Amino acid sequence: FSTCRQERAELSSIVGYTFNWDRRNDPIEPTGGFDFSLSQDLAGIGGDVQYLRTEVSGAAYKGIFKGVRASVRLSGGYIGAWDEADGIRINNRFFKGGSSFRGFDVAGLGPRRIIREVDENGNTLRVRKREALGGKAFYQGTAELTFPNFLPEEYGIDTALFLEAGSVGMLDDIDIEPAQAGLIEPGVAAVELSKTGMGLRASAGLSVGWDSPFGPIRFDFSQIIRKEEYDRTETFRFSTSTRF
């Protein structure tokens, strides 16, 4: 198996739709209501790829008292090929991390090609992390609590505590031959494999948003609660964002 084999030029013909249901009482800082989104993309009416990709997301908002707001969002997705023998190309799969799953690097969680160095008894000595493979499915839940930071309102700074939980995976059709690298030094063998399960990952932390003169930006400080040994994590991320 080689990831590069799936990174080839293709002609795609895609038709899709998105359904949005928004009952929030405010589009920027909601203190009540909910929103729901469902989208589907169908590829295969012409072109080289054939799949149905579905994503669903819903959130509820609640104002607790002045300056304190809580929200919970649940989301999930699945992509399935019409012809499973052809498989799902890597650029069509789901990837999570960075701004989409705080505490993990971009494409930092989920199936990944790795090199596992083992001794003559099969004990792991070191794991070398390589490229992410993405997943055919994902699930994710996010809880956030916005609270006052006692800074002047004109500064435009919001603070929130967050909790992220979820996973990416379902690459049961991926097959990588083990032990292809042989000995890399006396007593150390290299084994190449892919992790494909959807074990739970979780992180928590503090998010600081600032309506700067250059546009909304965000600083995320994260602490990993649960991960796999081959995931790529991060404790800080700076990003730009929108508020609608």
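As the structure is a computational prediction, the values presented were derived from the model and not from experiment.
Counting only heavy atoms from C-beta outward, the side chains of Y51 and I14 approach each other to under 4.5 Å. In this structure, T18 and L38 have side chains that are not in contact, with every pair of non-hydrogen atoms separated by 4.5 Å or more. With a 4.5 Å cut-off on side-chain heavy atoms, I90 and F95 count as touching. The side-chain heavy atoms of R93 and P111, taken from C-beta on, include no pair separated by under 4.5 Å. Using a 4.5 Å cut-off on side-chain heavy atoms (C-beta onward), I217 and D211 make no contact. Side-chain contact between D220 and R102: present, with at least one pair of heavy atoms (C-beta onward) separated by less than 4.5 Å. Side-chain contact check for F101 versus L109: some heavy-atom pair is nearer than 4.5 Å. Contact check for N149 versus Y155: no side-chain heavy atoms found under the 4.5 Å cut-off.
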Could you please spell out the steps behind the side chain to side chain contact (heavy atoms under 4.5 Å, CB included) verdict for L163 and I225? CA-CA 9 Å; L163 173 66; I225 299 175; 3.8 Å; yes
I'd like to know whether L42 forms a side chain to side chain contact (heavy atoms under 4.5 Å, CB included) with Q50, so could you lay out the CA-CA distance, the side-chain angles of the two residues, the decisive distance to 0.1 Å, and finally the verdict. CA-CA 8 Å; L42 178 65; Q50 299 177 336; over 6 Å; no
Verdict with reasoning, Y78 to M170, per side chain to side chain contact (heavy atoms under 4.5 Å, CB included): CA-CA 9 Å; Y78 180 77; M170 286 189 67; 3.8 Å; yes
Please walk me through it: do R218 and S207 pass side chain to side chain contact (heavy atoms under 4.5 Å, CB included)? CA-CA 7 Å; R218 192 174 74 186; S207 183; 3.2 Å; yes
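Using modelled atom types, one finds a donor on one side chain and an acceptor on the other under 3.5 Å when comparing T54 with Q40. With hydrogens and angles left out, the side-chain atoms of D26 and T31 include no donor and acceptor closer than 3.5 Å. Side-chain atoms of R237 and S222 include no donor-acceptor pair closer than 3.5 Å. Between the side chains of D35 and Y61, at least one donor-acceptor pair of N or O atoms lies under 3.5 Å. Checked by atom type, the side-chain pair E164/S203 shows no donor-acceptor distance below 3.5 Å.
For K129 and E228, the salt-bridge test fails: no basic side-chain N is under 4.0 Å from an acidic carboxylate O. The residues E234 and R232 are annotated as not salt-bridged, no charged nitrogen and carboxylate oxygen being separated by less than 4.0 angstrom.
Taking CZ of R24 as the start and OG of S71 as the end, the distance is 10.5 Å to the nearest 0.5 Å. For the atom pair CZ of F94 and CZ of R53, the computed distance is 4.0 Å after rounding to the nearest 0.5 Å. Here the straight-line distance linking atom CG of L206 with atom CG of L161 works out to 6.0 Å at 0.5 Å rounding. Once rounded to the nearest 0.5 Å, the distance linking CZ of F34 with CG of D22 reads 8.5 Å. Atoms OG and CD, from S39 and E55 in turn, are 5.0 Å apart once rounded to the nearest 0.5 Å. Atoms CZ and CG, on R113 and L133 in that order, are 7.0 Å from each other to the nearest 0.5 Å.
In this structure a side-chain-to-backbone donor-acceptor pair under 3.5 Å is missing from R73 to G141. Between the side chain of S167 and the backbone N or O of G199, at least one donor-acceptor pair lies under 3.5 Å. For T159 (side chain) and F147 (main-chain N/O), a donor-acceptor pair under 3.5 Å exists by modelled atom type. R112 places no side-chain N or O within 3.5 Å of a backbone atom of G134 that could act as its donor or acceptor partner. The backbone N or O of G58 lies less than 3.5 Å from no partner atom in the side chain of W21, so there is not a single donor-acceptor pair. Although no hydrogens or angles enter the test, the distance criterion places no donor-acceptor pair under 3.5 Å between the side chain of D231 and the main chain of T233.
V56 and F19 end up in the same hydrophobic cluster when Ile, Leu, Val, Met, Phe, Trp and Tyr side chains are linked at under 4.5 Å. In terms of hydrophobic clustering, with Ile, Leu, Val, Met, Phe, Trp and Tyr side chains grouped at heavy-atom distances under 4.5 Å, Y17 and F36 are assigned to a common cluster. F214 is not connected to F219 by any chain of hydrophobic side-chain contacts under 4.5 Å among Ile, Leu, Val, Met, Phe, Trp and Tyr, and they are in different clusters.
Looking at every heavy atom in both residues, A107 comes nearest to A132 through O-CB, 3.4 Å. When all heavy atoms of N20 and S37 are compared, the pair lying nearest together is OD1-OG, 3.2 Å. Of all the heavy atoms in K66 and P148, the pair that sits closest is O-CG, 4.4 Å. Residues A70 and I64 approach most closely at CB-CD1, 4.1 Å, considering heavy atoms.
A cation-pi contact links K96 to F138, judged by a cut-off of 6.0 Å to the six-membered ring centre and 45° from its axis. In this structure, R201 forms no cation-pi arrangement with F104, as its terminal cationic atom is not both closer than 6.0 Å to the ring centre and no more than 45° off the ring axis.
The local environment of CZ in F236 is crowded, with over 12 non-hydrogen atoms from other residues, nucleotides or ligands closer than 6.0 Å. Other residues, nucleotides and ligands contribute over 12 non-hydrogen atoms within 6.0 Å of the CD atom of E154.
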